[in-house]
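Below is one structure, written out as structure tokens; the observations come after it.
Being a predicted model, the structure only gives us computed values, none of them experimental.
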Amino acid sequence: MKLTTLTHRLARTCLTGLAIISPPTVHAAGLLIADGGLGGILEIKEHDVKVALNNGIAVTTVTQVFHNTERRPVEALYTFPVPKGASVSNFSMWIGGREMVGEVVEKARAREIYSSYKQKQRDPGLLEQTDYRTFEMRVFPIAAGADQKVQVTYYQELEFDHDWATYVYPLATTTRGRPDSRVSGRFAISVDAKSAVPITTLESPSHRTGFVVAKHSENYAQASFEAKDGSLAQDVVIAQQFSRPKTGVDILTSARAGEDGFFTLTLTGGEDLKQQNTGADYVFVLDVSGSMRDDGKLLLSKDCLGAFIAELGAHDRFEVMAFNIAPALAFNEKRPADDTNKTAALGFLASVQAQGGTVLNPAITTAYKYADADRPLNVVILSDGLTEQSERHAILQLIQQRPRNAKVFCIGVGNDVNRPLLEQLANDSGGLAAFLSRGDDFSRQAKAFHRKLLNPVATDLKLDVRGIEITALEPQQLPNLYHGAPVRVYGRYRGAGKGTIALRASLNGKAWEQSAELDFPQDDATNPEIERMWAWKRMDGLLKTADRNGSRAPVIPDVVRLGEEFSIVSEYTSFLVLENDGEYQRWKISRRNADRTSRDRTSQAEREKQLSLIRDRAIQELGPQPALAAAATPTLPTTTVAANHPPISQPAPSRSQSRDFQVPAPSSSGGGGSGPVGPLFVALTAWLARRRQKASANA
């Protein structure tokens with residue numbers, strides 16, 4: 001195949017998104033079957049999603065109404081993919097017209113209690129994490145011809161890159177069978193986006209013609225989508241753009257008097273960290289196992305990998321590897337990134353097919369052989385991570401044995417990928433993991449990750465806090481700081497007062513240290529979300545450490561304890577809904593989640609009051625204005641920040657704090673050129689333009 005033909009096809013794919021790709025049919029997460037798979041027809045009558053984007057944390061509340069079309073009671077089984085980094089924090093059912101809030105219980109016990117009620121035709125509900133990527137919700141019984149209303153709430157961090165933040169509501173999945181992918185009635189999603197840094201853009205790359213956006217102020221915008229008989233077969237992607245940041249730190253707190261407080265600290269690298277790229281070595285490792293056929297993952301990965309290869313610079317060298325149970329190499333050596341070698345690499349990519357199993361260990365071992373002592377090596381793995389479970393420990397050990405100058409970057413496309421494994425592989429090597437929804441804007445993602453590619457990182461990050469007692473930091477070992485990719489740290493603190501945050505790092509081989517004084521309040525109810533996010537990070541950290549050590553058994557009791565205390569579903573804890581408070585008492589299940597959910601909703605209601613004032617003010621400014629000035633309308637207090645993960649305007653006096661850091665001016669000589677690769681590789685536009693210019697000059 002000629003280079004121009006293949007590269008134009010790759011460019012169209014990566015620049016315009018999914019329209020020209022024809023993958024296998026994608027089935028949505030949805031209602032499956034009744035009575036444990038023995039028959040029955042159920043409908044999703046309503047699917048209503050409310051999203052609050054606040055303080056870099058998205059709170060998603062999904063309310064659904066299921067309708068039983070049968071003439072007998074049935075059990076509803078609903079499966080949906082796990083959003084990246086999501087913590088399911090509530091599961092409710094409406095029983096007798098009253099909402100019953102669920103509680104988190106150790107998984108085996110929850111299933112035992114649920115099954116005991118099924119035998120008595122009572123009203124239990126069960127929400128489980130079935131594996132690393134899937135939740136299943138069971139509801140029984142739904143009476144003949146009746147409706148059943150349920151609600152699920154989960155928290156997750158937004159994905160930040162430079163001045164863009166991305167939220168994905170995952171729907172497209174092949175997690176189980178062929179579920180019903182349509183809503184018989186109303187499908188709606190509403191988004192409240194709040195930021196102390198002005199929001200310059202709010203858009204939906206996945207549903208460009210369906211969303212309506214209203215910008216009520218520079219700090220608050222809404223987006224809304226609604227359809228009848230809507231499809232649940234495509235992810236909903238929301239993207240926000242903010243003002244461009246400087247390197248700095250911001251902190252949010254949550255505390256109740258007499259108890260240890262919680263905080264989240266975000267360090268953001270701004271434009272002042274930029275450096276000139278002087279070249280690096282790349283080994284692109286493409287998974288071509290049979291599981292990559294699903295959801296068009298291999299086709300998309302091949303096209304975007306080709307686009308990235310096309311963007312490599314004159315100082316770069318590269319190799320391309322395909323693997324299933326054994327690696328296959330394009331060159332068997334590193335080659336300069338010239339047109340001849342790029343053409344050969346694209347031809348190699350076009351020839352590979354998805355087949356066989358996934359054994360990642362030999363591929364990583366082979367990639368390490370390409371390391372040179374005087375150049376950075378970036379190993380870029382494109383895979384769904386669906387490797388053999390028995391291989392996981394060996395892979396994590398292998399990552400620890402990588403060459404000194406090597407980093408691993410893991411890219412997953414779609415929802416059916418092993419996110420925990422790919423994240424751990426990248427984080428343990430100082431690299432990054434990234435995951436791209438098929439509904440996202442590939443062109444925007446390409447430009448964003450290209451910026452990171454050309455910039456170095458701050459390495460060996462260390463965090464010290466003086467003046468206040470800090471406990472239980474997560475992660476315990478800080479990752480590298482990349483331009484446009486914030487580092488987030490969660491922790492707890494004792495007491496109250498002022499504390500000094502000191503950060504140390506290596507910038508281009510030189511020591512760098514900055515400090516800032518921040519307040520740790522005794523009482524702060526404005527950001528309750530970070531409590532559950534800390535607990536989820538703690539549970540995740542325990543499991544990842546156990547996986548490195550080869551056994552999860554020692555940490556499972558702590559994971560269960562944290563899940564029950566902070567109401568978080570995991571592979572070892574489940575949500576259980578019983579029909580009244582007396583039934584919880586009978587099973588000796590504390591109503592901790594009911595209390596926590598009540599506090600969270602109170603805080604959220606206060607925020608909504610303040611946002612309502614902003615909406616009212618925006619309406620008052622429409623149309624003819626009265627001669628006399630209207631009375632001033634209260635507005636949200638704001639905090640000026642310089643980080644792309646900003647604190648949000650709060651209903652109470654804001655506890656959000658931000659500090660800028662001084663970063664040495666970059667030298668023209670630049671650093672080592674090592675940088676991350678995002679979920680989509682760099683688009684072909686610039687390279688094709690250079691070729692056109694060269695062709696014109698030779699004409």
Quiz prompt | Test of ring centre spacing under 6.0 Å for Phe566 and Trp536 | solution = no
Quiz item: Any side-chain heavy atom of Val51 within less than 4.5 Å of one from Asp192?
Solution: no
Quiz item: Are any of the side-chain nitrogens in Arg109 or Glu112 under 4.0 Å away from the carboxylate oxygens of its partner?
Solution: no
Quiz item: What pairs with Arg596 under salt bridge (charged side-chain N to carboxylate O under 4.0 Å, His left out), at least two apart in sequence or on another chain?
Solution: Glu531
Quiz item: Can the positive tip of Arg532 be found less than 6.0 Å from the middle of the six-membered ring of Tyr155, inside 45° of the ring normal?
Solution: yes
Quiz item: Is the closest side-chain heavy-atom distance between Thr60 and Lys50 below 4.5 Å?
Solution: no
Quiz item: Is a side-chain donor or acceptor of Thr602 paired with a backbone partner of Ser598 at a separation under 3.5 angstrom?
Solution: yes
Practice problem: May I ask you to decide whether Arg552 forms a salt bridge with Asp547, counting only side-chain N to carboxylate O separations under 4.0 Å? | Solution: yes
Quiz item: Thinking salt bridges, do Arg586 and Glu583 make one under a 4.0 Å N-O criterion?
Solution: yes
Exercise. Verify the distance criterion only: is there a donor paired with an acceptor across the side chains of Asn90 and Thr153 at less than 3.5 Å?
Key: no
Quiz prompt | Ring-face cation contact, Tyr490 with Arg538, 6.0 Å cut, 45° max | solution = no
Quiz item: Got a salt bridge between Asp581 and Arg98, using NZ or NE/NH1/NH2 to carboxylate O under 4.0 Å?
Solution: yes
Quiz prompt | Salt bridge present between Glu43 and Lys45 (N-O < 4.0 angstrom) | solution = no
Quiz item: Got Val236 and Val168 here, is their nearest side-chain heavy-atom distance under 4.5 Å?
Solution: no
Exercise. Taking salt bridge (charged side-chain N to carboxylate O under 4.0 Å, His left out) as the test, write out the residues that go with Glu128, two or more places apart.
Key: Arg111
Quiz item: What pairs with Phe225 under ring-ring contact (aromatic ring centres under 6.0 Å, His included), at least two apart in sequence or on another chain?
Solution: Phe187, His207, Phe211
